[in-house]
S.K.: 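The structure that follows is given in the form of structure tokens.
Here the structure is a predicted model, which is why all the values come from computation and not from measurement. Order of appearance sets the numbers: ligands from 1, and atoms from 1 within every ligand. Heads up: numbering here begins at 1 and tracks the sequence.
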Amino acid sequence: MRRIFQLLLCLVIPSAPLAAAEPISVVTTTADIAAIVKAVGGDRVAVDSISKGYQDPHFVEAKPSYVRIVNRARMLFNVGLELEVGWLPLLIQGSRNPSLVVVDLSPGISVLEKPSGPISRAQGDVHPLGNPHYWLDPGNGIIMARRIAQELRAVVPGNTAEFERNLKSFENDLAGRRKRWEEQMAPFRGVELVTYHKEWEYLTKWLGLSIIGYVEDKPGIPATPRHLEELVQAMQQRKVKALLASNYTNPNVPKSVAEKTGAKLVVLASSVGGEETIQAYGDLFDSIIGKLVSALK
Ligand SMILES: [Zn+2]
């Protein structure tokens, strides 16, 4: 009887599973980086993004709750090129987390508009080290993913094969989608556009579109009436068909410019999470390309 009882006990109480390693806690400055970290890190990472896809990443409030997230994190990935200069140093300093591994993803990227002279913010330019919106080219997404895999391997060496597998499937998925995006956009090569902020340069370079002007006077600086007048004239002369703006931009000024010139105002998510359906990095371009095609055709 006792033996039977022991046997039953063995059947009912499973042996303790091998302790699964806790996922490592990763914080990212943007939702695009978070999506790529999730894709590459899989179950081995728990990711939080500070800025949300519907926010302007240049201007994020350094909230105490963000300090706590950074305090608990093992790794932090950021865009760099001073995109986050207004808020990230405050969070890192406040977090008092000396073992935090901070990875700036901009080295390795071919940065557009890199200044050749002395670096200056004298005119309020929020792009003093070149254009930081490089995630808006899927080719750069691949460079970011490879770097993320390399940095994760360094911190979690036991999971190298898994990160490699995840990286490969991320790359394959993006390559398939990219072919489709390029085919969809091929008829529009050379089309002239105007944009609100200087953030679509990587996207338009990739797709062969041409930006002839900006609503903002300088990145981060609202337009003067004179600048707007000149812009409207140039757009009318060149029959510009579309004005692109991020969905976090106040639409009033771009709307009135579009109305005066007959251009279509194309409001785009510029980050993962900018719209509810944009969950993975590739979804971002599905959304952007879909809107561009319907505006330009
Ligand atoms: Zn910018």
Side-chain angles (χ1 to χ4, degrees), residues 28-36 49-62 77-91 104-107 109-116 119-141 143-144 193-207 209-224 227-228 231 242-254 257 265-274 278 281 284-285 287-288 292:
T28 68
T29 53
T30 68
D32 311 284
I33 304 178
I36 302 176
S49 169
I50 301 287
S51 76
K52 307 293 175 256
Y54 46 82
Q55 281 181 308
D56 183 344
H58 284 291
F59 306 103
V60 173
E61 194 193 337
F77 291 95
N78 72 302
V79 171
L81 302 171
E82 299 211 346
L83 177 80
E84 307 100 335
V85 72
W87 49 278
L88 184 60
L90 294 170
L91 296 182
D104 175 343
L105 292 172
S106 65
I109 300 288
S110 299
V111 175
L112 301 178
E113 299 157 10
K114 230 180 167 132
S116 48
I119 289 156
S120 161
R121 286 177 166 272
Q123 291 170 296
D125 191 341
V126 293
H127 295 173
L129 303 181
N131 194 310
H133 300 273
Y134 58 79
W135 66 90
L136 285 163
D137 172 348
N140 288 337
I143 296 172
M144 293 161 78
L193 304 168
V194 161
T195 78
Y196 182 84
H197 180 62
K198 225 174 183 183
E199 66 186 312
W200 305 101
E201 329 302 304
Y202 292 90
L203 181 93
T204 51
K205 184 167 184 248
W206 162 47
L207 297 170
L209 305 169
S210 161
I211 299 176
I212 65 137
Y214 306 92
V215 174
E216 281 185 334
D217 238 341
K218 289 249 177 332
I221 303 292
T224 59
H227 169 76
L228 287 180
L231 181 71
L243 193 171
L244 314 189
S246 238
N247 60 4
Y248 55 71
T249 305
N250 181 332
N252 295 343
V253 175
V257 170
L265 175 60
V266 188
V267 177
L268 301 170
S270 52
S271 275
V272 168
I278 306 174
Y281 177 70
L284 176 60
F285 299 95
S287 162
I288 291 173
L292 283 179

S.K.: My understanding is that only residues two or more places apart in sequence, or in another chain, count here; which of them pass side chain to side chain contact (heavy atoms under 4.5 Å, CB included) with A223?
M.R.: H227, L228
S.K.: What closest approach, in Å, do L81 and S106 show between heavy atoms, and which atom pair accounts for it?
M.R.: CG-CB, 3.7 Å
S.K.: Of all residues at least two apart in sequence or in a different chain, which pass the ring pair (Phe, Tyr, Trp, His ring centres under 6.0 Å) check with W200?
M.R.: none
S.K.: Considering residues at least two apart in sequence or located in another chain, which fulfil the salt bridge (charged side-chain N to carboxylate O under 4.0 Å, His left out) criterion with E82?
M.R.: R121
S.K.: Start with the C-alpha gap between H58 and L83, add the side-chain angles, then the distance that decides, and say whether side-chain contact (heavy atoms from CB on, under 4.5 Å) holds.
M.R.: CA-CA 5 Å; H58 284 291; L83 177 80; 3.5 Å; yes
S.K.: Check for me: within less than 2.8 Å of the Zn ion (ligand 1), which protein N/O/S atoms show up?
M.R.: H58 NE2, H127 NE2, H133 NE2, H197 NE2
S.K.: Using the side-chain contact (heavy atoms from CB on, under 4.5 Å) rule, take I33 and W135 through it: C-alpha gap first, then chi angles, then the decisive distance, then the call.
M.R.: CA-CA 8 Å; I33 304 178; W135 66 90; over 6 Å; no
